[in-house]
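This report concerns only the one structure given below.
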Amino acid sequence: MGGCVSISVSCDKTLNQVGRCLTENGNYIHKLDENVETLQVSTQELKDLRDDLLTRVFLEEEKGAAEVSRSFGSRFDYGKRVFKKIKEVKDLKSRADFKVMSERVPRSKVEERLIHPVVGTKAMAEKVCSSLMEDEVGTLGLYGMGGVGKTTLLSQINNSFLNTGNDFDVVIWVVVSKDQKIESVQETIWRRLGLCTEEWKHRKEDEKASEIKQMLKGKRYMLLLDDIWSKVDIQRIGVPSPTRINRCKLVFTTRSKEVCSEMRVDVEMEVKCLASDEAWELFRMRVGDLTLETHPGIPQVARKIAEKCYGLPLALNVIGETMSSRKTIQEWSHAHDVLTSFAADFSCMQDKILPILKFSYDNLKDDMFRECLQYCALFPEDYEIDKEELVEYWICVGIIDGNKDRDAATNHGYEIIGTLVRACLLMEYEHTEFLKMHDMVRDMALWITADLGKNKDSFVVKTGSGLSHFPVVEDWSVVQKMSLMGNEIEKINAVGPYGTNKLVTLFLQNNKLVSISERFFQWMTELKVLDLSSNESLTELPADISNLVALQYLNLSSTGIEVLPVGIKYLTKLIHLNLEFTRKLKSVVGISSLSSLQVLMLFESNIPLNNGLVEEELKSLEHLKLLTLTLKDSFVMERLLNIHSLVNFTRHLSLDKCIPNAVRISLVAAGSSAPSGQEDRPLQHMKSSNHLYFRSLTRVDIVNCEGLRDLTWLMYAPSLTHLHVEMSFQTEEIISREKVIKIDGREKFTTPFLKLESLSLVFLYAVKSIYWSPLPFPALKNLKIHRCPDLRKLPLDSASAKGCDVVLDAYGEWLRDVEWEDEATKNRFCPT
């Protein structure tokens with residue numbers, strides 16, 4: 001036929017190709033439901049292998065329900081994808097290869113963290129890991145100052161689970177930091193679980209928490225939270241709390257011990273600075289032997305620089321690396337000089353060390369806490385700061401308001417100390433009444449007071465520098481505080497104007513002062529704190545001390561002062577006057593003019609108290625709240641007994657060589673050696689039903705006082721912390737039961753010594769009893785018994801001093817003859 005074309009082809013081959021194509025492609029559509037079902041079964045098999053995965057295949061199956069009802073083209077495309085997925089699933093099953101889902105699966109139980117070689121932390125890491133293996137430990141807190149190595153230690157703990165057998169399903173590391181939000185923590189955990197998607201990021205916090213909780217359900221986790229600054233609510237994040245049942249663990253690092261309490265830890269451990277040998281080893285590693293060997297003098301200077309770091313790994317690492325390029329002895333000597341004079345000027349300090357420490361400073365509650373910390377930088381390096389004295393400085397300089405309630409102000413001061421200690425910015429010394437400030441924290445504080453190094457004259461601190469003359473100050477107009485403690489200054493000559501109306505604190509204690517010239521104090525009209533203590537050769541003060549009209553604190557203790565200057569009467573704002581250990585002081589005439597005086601300290605002072613003039617001066621001090629005294633005349637003690645306010649506010653009392661015959665009716669004897677008919681008289685007003693008589697008394701020293709058969713009056717000193725009795729040869733009892741019955745009656749006795757920390761009895765040949773029955777002694781730390789041959793029984797039982805580590809200082813032969821309450825008491829206080 002016209003127009004027709006005849007074509008010859010291989011029909012079988014073509015039809016086979018078309019058929020295969022149609023069959024394969026047709027299966028995308030016709031077997032879609034069957035394929036989806038097959039895919040679902042395969043997915044379930046994979047989920048059985050790894051039941052904690054949310055697989056892509058499962059998500060595709062979820063999407064399938066919506067796709068099946070679409071148009072032919074859509075069904076064809078979707079069916080094709082499903083068919084390919086089946087092949088992928090089968091391939092994964094056969095090879096057990098989960099790379100396709102690696103985004104959603106933790107690659108391992110533990111992810112290794114890279115850390116530099118460390119020194120001195122192995123024992124601590126082992127201690128932490130050992131503690132974590134205990135069933136009763138679910139939450140463990142590691143606290144310590146900034147830069148001490150907490151993160152490094154936590155990294156070691158994390159890595160310790162890499163090569164050791166453990167049954168944790170997953171170890172999760174999260175850096176929390178100060179301003180971290182809950183959502184960020186959740187995202188880190190979700191990523192660690194391999195399940196983070198764009199869709200998940202847009203979910204609400206509680207939805208994310210629910211999914212995290214579901215994923216961790218039935219799993220044993222180890223959660224490591226680094227650098228937390230406040231309580232972290234892990235349940236709000238979605239993490240189940242560690243319990244004995246789920247055997248999960250939570251470990252965190254923080255700069256605040258307070259956070260450990262807020263997190264309700266089972267165990268808290270302080271991460272401390274390195275010991276000197278460990279510190280040197282770390283510093284040497286960072287510097288490198290190549291540098292240390294370039295000059296024979298470098299190692300010696302290097303050790304001094306390492307000591308300046310006071311075991312702080314951050315400083316050892318950074319300064320060590322900085323010094324590794326310094327090859328001359330001159331460079332090393334210069335570095336040591338800079339670190340000694342003003343450490344912030346050292347090249348890496350302001351960039352890599354001080355800002356890290358400043359985070360803790362910035363995190364303090366308010367400026368009052370920050371100013372209190374700055375004040376601590378006035379003391380020398382490694383100085384033991386007396387807590388009581390520090391609080392007095394804070395009150396008198398005006399950081400703490402002490403105008404209304406002095407006791408409340410003192411308590412506030414101790415609360416601030418506690419906060420600074422818990423923030424690891426101050427350290428409690430071996431004895432709790434003292435503090436220390438880490439040298440690097442001190443450098444940070446001085447850097448801040450100098451406006452980050454821009455104004456060094458606002459705080460002039462040259463302590464222990466060997467100064468023999470008063471330093472030259474370029475701009476007195478900006479000086480606010482000056483500390484020249486621990487130098488060799490002998491004379492202060494008023495060559496030019498010293499001080500300004502901005503100077504509020506001047507520390508000159510522990511020098512070798514002989515004289516201070518007139519006009520030195522002329523311009524210091526706003527000075528509030530002046531400390532001249534421990535200048536034994538200083539015998540007088542210049543008359544122009546009268547210009548210190550704003551002065552509130554004056555410390556002349558341990559000086560050679562003989563008389564108070566006439567100008568002292570103009571110091572009407574003075575609230576604290578310390579004249580302790582002024583063994584040449586002849587008179588305190590003029591103190592009655594100090595109308596604001598609240599604290600008067602005369603402990604171990606040589607002023608004669610056996611005349612009515614001194615008593616009248618003391619009685620005139622209407623605002624007095626704290627008094628310390630040394631008495632050498634028991635008649636004086638009896639007279640002072642009649643000045644109720646003085647006795648009530650006496651803090652420290654020393655009785656030294658009391659006249660034997662005069663003790664007969666004194667308060668000290670409490671009637672113990674009074675003639676018949678008189679010995680009960682002093683007892684009658686020692687204690688009333690409403691208050692205890694010696695309510696403020698904390699320390700009593702009794703030395704070489706004859707005629708004292710007992711010290712029963714101490715029964716009514718509820719605040720007593722230290723008692724020392726020596727060479728009182730007639731003393732038979734410390735507390736007399738007979739006299740207590742006369743005061744308290746037989747029904748209920750006042751329990752004495754509830755705050756006593758130290759009891760020392762020395763050369764008391766007649767003493768037979770301290771108290772007639774065991775006492776609780778809840779605060780006792782030190783018990784010293786020397787040369788008391790007739791004392792055979794101590795007022796102790798196995799429950800005494802519970803929770804205290806009591807140090808019993810006594811001779812072995814005496815201990816062998818002690819009659820213990822029972823065997824348990826003997827084992828408690830005198831273990832073999």
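All of these numbers come straight from a predicted model, not from anything done at the bench. Just so it is clear, the values below take in all heavy atoms, side chains as well, and ignore hydrogens, waters and symmetry mates.
- Using a 3.5 Å distance cut-off with no hydrogens or angles, the side chains of Q598 and R406 do pair a donor with an acceptor.
- Applying the side chain to side chain contact (heavy atoms under 4.5 Å, CB included) criterion to D405, with sequence neighbours excluded, gives D407, A408.
- Side-chain atoms of S728 and E706 form no donor-acceptor pair, as typed in the model, at a separation below 3.5 Å.
- The side-chain hydrogen bond (donor to acceptor under 3.5 Å, both in side chains) pairs that include a residue from residues 755-778 are H724-S760, where partners are two or more places apart or lie in different chains.
- Note that CG of L364 and CG of L420 are 6.0 Å apart. Values are rounded to the nearest 0.5 Å.
- Using modelled atom types and a 3.5 Å distance limit, the side chains of E126 and S130 yield no donor-acceptor pair.
- For residues 805-825, the pairs satisfying ring pair (Phe, Tyr, Trp, His ring centres under 6.0 Å) are H786-Y811, with sequence neighbours left out.
- Atom CG of D266 and atom CD of E134 lie 10.0 Å apart (nearest 0.5 Å).
- Side chains of S654 and D656: a donor-acceptor N/O pair is absent below 3.5 angstrom, by distance only.
- Residues S719 and T698 have side chains that never bring a donor and an acceptor to within less than 3.5 angstrom of each other.
- With sequence neighbours excluded, the residues that form a side chain to side chain contact (heavy atoms under 4.5 Å, CB included) with T121 are V118, Q156.
- Under the side-chain hydrogen bond (donor to acceptor under 3.5 Å, both in side chains) criterion, the residue pairs touching residues 790-806 are K793-E821, D797-S800, with sequence neighbours excluded.
- Considering only residues two or more places apart in sequence or on other chains, E278 meets the side chain to side chain contact (heavy atoms under 4.5 Å, CB included) condition with V119, L274, A275.
- One finds the CG atom of L142 at 8.0 Å from the CZ atom of F252 (value rounded to the nearest 0.5 Å).
- For Y383, the ring-ring contact (aromatic ring centres under 6.0 Å, His included) test picks out F379, with sequence neighbours left out.
- In the displayed structure, E268 atom CD is contacted under 6.0 Å by more than 12 heavy atoms of other residues, nucleotides or ligands.
- Going from atom CG of L627 over to atom CG of L618 covers 6.5 Å, rounded to the nearest 0.5 Å.
- Contacts of E384 classified as salt bridge (charged side-chain N to carboxylate O under 4.0 Å, His left out), with partners at least two apart in sequence or in another chain: none.
- Residue pairs meeting the ring pair (Phe, Tyr, Trp, His ring centres under 6.0 Å) criterion with at least one partner in residues 406-427, sequence neighbours excluded, are absent.
- In this structure, CG in L714 is found 5.5 Å from CD1 in I735, a value given to the nearest 0.5 Å.
- For E813, the CD atom sits in a packed shell: over 12 heavy atoms of surrounding residues, nucleotides or ligands are nearer than 6.0 Å.
- A search for salt bridge (charged side-chain N to carboxylate O under 4.0 Å, His left out) contacts involving E258 returns R422, not counting sequence neighbours.
- Considering only heavy atoms from C-beta on, L754 stays 4.5 Å or farther from L756 through its side chain.
- Residues that satisfy the side chain to side chain contact (heavy atoms under 4.5 Å, CB included) test with K272, not counting sequence neighbours, are E270.
- Considering only heavy atoms from C-beta on, V703 stays 4.5 Å or farther from L655 through its side chain.
- Between F507 and Y393, the ring-plane angle classifies as tilted under the 30° and 60° cut-offs.
- Applying the salt bridge (charged side-chain N to carboxylate O under 4.0 Å, His left out) criterion to D382, with sequence neighbours excluded, gives K436.
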